[in-house]
Amino acid sequence: MYSNKESINILTSLLVSHDIKRLVACPGSRNAPIIHNINECPEIELYPVTDERSAGFIALGLALADDKPVAICVTSGSAMLNLAPAMAEASLRQRSLIVITADRPAAWIGQLDGQTLNQPYAFGSLVSKCVSLPEPENDEQRWYCNRLINEALIAAKVKGAKPVHINVPISEPLFVFDVEKLPEERVMTFVPARLDSDAVKTTLVPRMLKASRPMIVLGQTAKLDAETELLINGLKNDYVVLAEPLSTDFPVTFEHVLSYIEHDESYCPDFLLYMGGTLVSKRLKLYLRQRTINEVWSVSENGEIHDTFMQQTGCLAGDIKDVLVALTNGLKDANTIDINEKKAERQAFCQCWKQLLISDDAEETLDSNLSLLEIAVKTFEQSLEDMDYDYHVHYANSSSIRLACKYANHYVWCNRGVNGIEGSLSTAVGFSLATDDMVFCVIGDLSFFYDQNALWNTNLKGNLRIILLNNKCGGIFYGLKGITDSAACDKIIAASHNTEARGICTQNDIGYLSAKNIEELYIGLATLMTSDSQRPMLLEIVQER
């Protein structure tokens with residue numbers, strides 16, 4: 001039996017019809033009729049999460065796992081505001097979350113009634129669409145309710161879309177469940193436009209061929225399929241392609257060479273094509289911003305301009321794969337008809353970069369100079385190559401993701417939309433719920449303890465493995481010039497502490513391992529990566545300051 005609220009039944013019916021398969025449910029009374037309805041639908045799987053802030057990132061992790069929209073439902077009042085960090089992350093990474101907020105009737109907003117605030121449009125620019133549903137009393141209002149929900153769900157499925165917000169005012173009584181079946185609702189269909197390959201051939205291809213020093217930089221992407229990876233690797237043969245592990249399964253480790261070329265103009269491109277989202281490397285961004293580049297073009301799924309290198313001259317709207325297919329074909333055609341005047345110069349530029357990237361004198365120092373935490377990440381990444389199972393690796397922000405860029409030779413997941421430390425563990429948790437593959441999360445201590453409620457979750461599975469890099473402070477701050485001169489550095493800015501994770505693991509039934517030296521580290525990593533377990537496991541690597 002379903003709720004007697006028509007707006008909720010229309011919403012439930014359309015969620016099913018639009019093929020929404022997962023919904024993260026937070027507790028509450030005002031949203032209880034919505035949760036009840038979803039629980040009655042075998043087509044939608046529910047994931048109960050108590051902490052709304054964690055719930056938002058768990059929904060994001062679920063959405064990342066299969067690149068499909070995921071819904072999240074919270075009760076009225078301040079509950080929705082706890083979703084803001086996850087909404088910001090999803091918005092900047094152009095990943096669709098469908099946020100469903102229960103609300104009090106409009107007449108009671110601003111009347112000092114409990115759990116009320118002005119909920120519609122509270123997320124502002126973080127959403128691409130916000131609708132507030134009527135409580136239908138006639139056919140026109142039912143049509144209006146149907147139309148609003150269709151519009152929001154279509155917006156959530158557009159490639160490169162931001163999250164959407166569906167606000168649902170619900171009058172009392174709330175808990176009448178006497179409707180036998182959901183209504184059959186009109187479903188609107190949206191067919192996206194395809195990229196015009198001629199646009200690539202008339203804009204990017206000629207510019208690549210006229211350039212003496214063309215370069216392609218890949219920022220963060222959703223995980224690319226095998227065909228797209230082949231296209232990128234094909235371009236690497238003739239062009240300089242720089243890519244972090246947030247972009248591809250075959251990253252190009254370049255951070256170690258940037259200090260060698262910071263004043264050398266010969267490594268600067270005269271044409272730059274930027275695809276994807278954010279870059280971790282501050283050095284690369286600074287190097288390119290300080291050079292004069294004749295043309296800088298970007299590829300954007302939704303056509304938004306991001307002038308990352310402060311020299312943008314053009315933007316092409318399209319999916320990365322579609323653009324790469326058209327670009328590769330266009331460049332092959334040009335080579336075939338032999339109009340490639342600057343081929344020798346491009347090959348010399350490409351070879352110059354290749355030699356630099358593999359040069360021994362640019363490599364980092366020996367392991368004897370590495371910290372225990374850095375050895376842990378390096379050993380973990382090397383050990384992954386020997387594993388015979390499918391895996392996904394999530395890294396938290398700050399020091400963790402920078403170590404990934406140094407040692408990972410595969411695609412890595414990271415919340416680099418806002419680059420915040422909150423939600424890194426929750427995102428990995430959500431991802432692990434949507435797959436049976438092994439999911440690793442490499443995370444620093446401040447990120448972990450801030451997001452520890454991700455483990456307060458009844459759905460956790462044994463495929464989640466956590467590597468906690470605990471140096472008992474925000475270690476990245478100590479690398480900032482001049483900050484240690486402040487008396488507030490240790491206790492306040494870097495948040496030094498003496499907390500460890502054993503108790504958190506015990507209360508949440510998480511398998512706990514600890515390492516405080518090299519021998520314990522090797523044993524702990526081997527156990528974490530090879531043990532069969534029905535529950536998550538955590539290896540805490542403690543480096544005393």
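Every value quoted in this text rests on a predicted model; they were computed, and no experiment measured them.
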Heavy-atom check, side chain of [X] versus side chain of [Y], under 4.5 Å:
X	Y	result
Gln94	Glu301	yes
His165	Asn167	yes
Ile44	Lys21	no
Thr12	Ile38	yes
Leu373	Val377	no
Asp51	Cys26	no
Val164	Ser128	yes
Val99	Met80	no

Whether [X] side chain and [Y] backbone form a donor-acceptor pair below 3.5 Å:
X	Y	value
Asn463	Thr435	yes
Ser247	Gly219	yes
Glu89	Gly417	yes
Ser298	Tyr274	no
Arg30	Leu174	no
His410	Tyr391	no
Ser17	Val187	no
Arg402	Ser398	yes
Ser281	Leu284	yes
Asn471	Asp445	no

Quiz item: Lys236 and Val252: side chain to side chain contact (heavy atoms under 4.5 Å, CB included), yes or no, with the steps?
Solution: CA-CA 10 Å; Lys236 288 179 184 177; Val252 179; 3.9 Å; yes
Is it true that the side chains of [X] and [Y] contain a donor and an acceptor less than 3.5 Å apart?
X	Y	answer
Asn37	Ser3	no
Thr228	Asp225	yes
Glu229	Thr248	yes
Lys157	His18	yes
Asn508	Arg535	no
Glu180	Tyr2	no
Asn415	Thr427	yes
Gln452	Tyr450	no

Exercise. Go through Met529 and Met387 one step at a time and tell me if the side chain to side chain contact (heavy atoms under 4.5 Å, CB included) criterion holds.
Key: CA-CA 8 Å; Met529 300 176 75; Met387 298 299 109; 4.1 Å; yes
Please find the pair of heavy atoms, one from [X] and one from [Y], that lie closest to each other, and give the distance.
X	Y	value
Leu46	Ala25	CD2-CB, 3.8 Å
Cys414	Leu246	CB-CD2, 4.0 Å
Gly524	Leu539	C-CD2, 3.7 Å
Ala155	Lys129	CB-CB, 3.9 Å
Leu279	Val217	CD1-CG1, 3.8 Å
Ile100	Ile34	CG2-CD1, 4.0 Å

Self-check item: Criterion side chain to side chain contact (heavy atoms under 4.5 Å, CB included) on Ile504 and Thr499, from CA distance to verdict
Solution: CA-CA 10 Å; Ile504 295 168; Thr499 309; 5.5 Å; no
Inspect the contact between [Y] and [X] and indicate whether a charged nitrogen and a carboxylate oxygen are less than 4.0 angstrom apart.
X	Y	result
Asp436	Lys461	yes
Glu43	Arg22	no
Lys223	Asp249	yes
Lys472	Glu500	yes

Kindly compute the distance separating [atom1] ([X]) from [atom2] ([Y]), expressed to the nearest 0.5 Å.
X	Y	atom1	atom2	answer
Leu324	Leu230	CG	CG	11.5 Å
Ile8	Ile35	CD1	CD1	10.0 Å
Thr527	Glu520	OG1	CD	11.5 Å
Ser447	Ile401	OG	CD1	11.0 Å
Glu422	Ser54	CD	OG	11.5 Å
Ile466	Ser424	CD1	OG	12.0 Å

Self-check item: Heavy atoms from other residues, nucleotides or ligands near NZ of Lys68 exceed 12 (cutoff 6.0 Å)
Solution: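 No, NZ of Lys68 has 12 or fewer neighbouring heavy atoms, counting only those of other groups under 6.0 Å.
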Quiz item: What do you reckon, is CG of Asp437 surrounded by more than 12 foreign heavy atoms closer than 6.0 Å?
Solution: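 Enclosed: over 12 neighbouring heavy atoms sit under 6.0 Å from CG of Asp437.
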Practice problem: May I have the step-by-step check of side chain to side chain contact (heavy atoms under 4.5 Å, CB included) for Leu521 and Ile375, ending in yes or no? | Solution: CA-CA 9 Å; Leu521 170 63; Ile375 293 171; 4.0 Å; yes
Self-check item: Qualifying residue, where the test is side chain to side chain contact (heavy atoms under 4.5 Å, CB included) with Ile58 and the options are Asn457, Asn459, Val70
Solution: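 That would be Asn457.
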Quiz item: Taking it one step at a time, do Lys321 and Glu227 satisfy salt bridge (Lys or Arg N to Asp or Glu O under 4.0 Å)?
Solution: CA-CA 8 Å; Lys321 181 177 181 178; Glu227 183 182 350; 3.1 Å; yes
Quiz item: Phe431 vs His394 aromatic rings, parallel, tilted or perpendicular, using cut-offs 30° and 60°?
Solution: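 Aromatic pair Phe431/His394 classed perpendicular.
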Quiz item: Which class fits the ring pair Phe177 and Phe175: parallel under 30°, tilted 30 to 60°, perpendicular over 60°?
Solution: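 Correct class here is tilted.
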Quiz item: Under the criterion side-chain hydrogen bond (donor to acceptor under 3.5 Å, both in side chains), which of Glu381, Glu374, Gln382, Lys378 is the partner of Tyr407?
Solution: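 Only match with Tyr407 under side-chain hydrogen bond (donor to acceptor under 3.5 Å, both in side chains): Glu374.
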Practice problem: May I ask you to check whether Phe380 and Phe440 place their ring centers less than 6.0 Å from one another? | Solution: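 Yes, the ring centres sit under 6.0 Å apart.
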